[in-house]
Amino acid sequence: MSARMALLALAITAAGAACDGDTVSPTPGELRVILATPNTNDGAVLFTVSGGVIDSVVAAGYRTFASNGGGSSVHIVVTGNVTGGVLARIQVPDLGRASSYHAAVEQVAARPPSYALQTTAGYAISVAK
């Protein structure tokens, strides 16, 4: 192989290796937390969302409290006349990692005046784009 061909092969290999390191910039955005409830009298839901960084939590129509212990999970309490459907919206730094986010219902309480704890059986919660 001639020196010219060897240099050309080396240049092509180096260019290919440089392209392998290219990364796609993350796209920040919003994910929905969706609740399915077997009850019609929910007044508060405590749930956890985990799987990655959460920049903020918004629950339109509900009072919302969120606690991030610095890890990859956030504990969220939503209060009000809670119904099934979109419970909250979370802002994440990379929508490309949406499938890594998961939610779990921890506790549920009935509306006033009883505030009784509900069993979590029959509840389902998910995170979706």
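For clarity, every value in this text was computed on a predicted model and none was experimentally measured. FYI, the numbering just counts along the sequence from 1.
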task: May I ask you to decide if G51's main-chain N or O and S100's side chain share a donor-acceptor pair within less than 3.5 Å?
output: yes
query: From N41 CG over to S114 OG, what is the distance, rounded to the nearest 0.5 angstrom?
result: 6.5 Å
message: Donor-acceptor check, side chain of Y101 to backbone of V53, threshold 3.5 angstrom: yes or no?
response: yes
- request: Report the distance from atom CZ of R89 to atom CD of E30, rounding to the nearest 0.5 Å.
  value: 5.0 Å
message: Hydrophobic clusters here meaning ILVMFWY residues chained together by side-chain heavy-atom distances under 4.5 Å, can you tell me if I90 and F65 are in one?
response: no
task: Over all heavy atoms of both residues, which pair between T37 and G84 is shortest? Give the atoms and the distance, please.
output: CG2-N, 3.6 Å
query: Any donor and acceptor pair, going by atom type alone, linking the side chain of D94 with main-chain N or O of G96 inside 3.5 Å?
result: yes
- prompt: Does a donor on one side chain and an acceptor on the other come within less than 3.5 Å for S50 and H102?
  reply: no
query: Hey, quick one: are L95 and V127 part of the same hydrophobic cluster, counting side-chain heavy atoms closer than 4.5 Å, chains of contacts allowed?
result: yes
A44 versus T79, closest heavy-atom pair with distance: CB-CG2, 3.9 Å
message: Run V74 and T48 through side-chain contact (heavy atoms from CB on, under 4.5 Å) and show every step you take.
response: CA-CA 6 Å; V74 175; T48 302; over 6 Å; no
query: Looking only at heavy atoms, what is the nearest atom pair of K129 and A98, with distance?
result: CE-CB, 3.8 Å
statement: Value for CD1 (I125) from CD (E106), rounded to nearest 0.5 Å, stands at 9.5 Å
Nearest atoms (heavy-atom pairs only) where D55 meets P93: OD2-N, 3.5 Å
task: Compute whether any side-chain donor of one residue and acceptor of the other, for Y62 and N81, lie under 3.5 angstrom apart.
output: no
task: Might you point out which heavy atoms bring Q118 and N39 nearest each other, and give the distance in Å?
output: NE2-ND2, 3.7 Å
message: Can you tell me if R97 has over 12 outside heavy atoms packed within less than 6.0 Å of its CZ?
response: no
statement: Here the gap from I54 atom CD1 to N68 atom CG, rounded to the nearest 0.5 Å, amounts to 7.5 Å
- request: Looking only at non-hydrogen atoms, find the nearest pair between L35 and V45 and report the distance.
  value: CD2-CG2, 4.2 Å
I76, V33, V78 screened by side chain to side chain contact (heavy atoms under 4.5 Å, CB included) with V57, the one that passes: I76
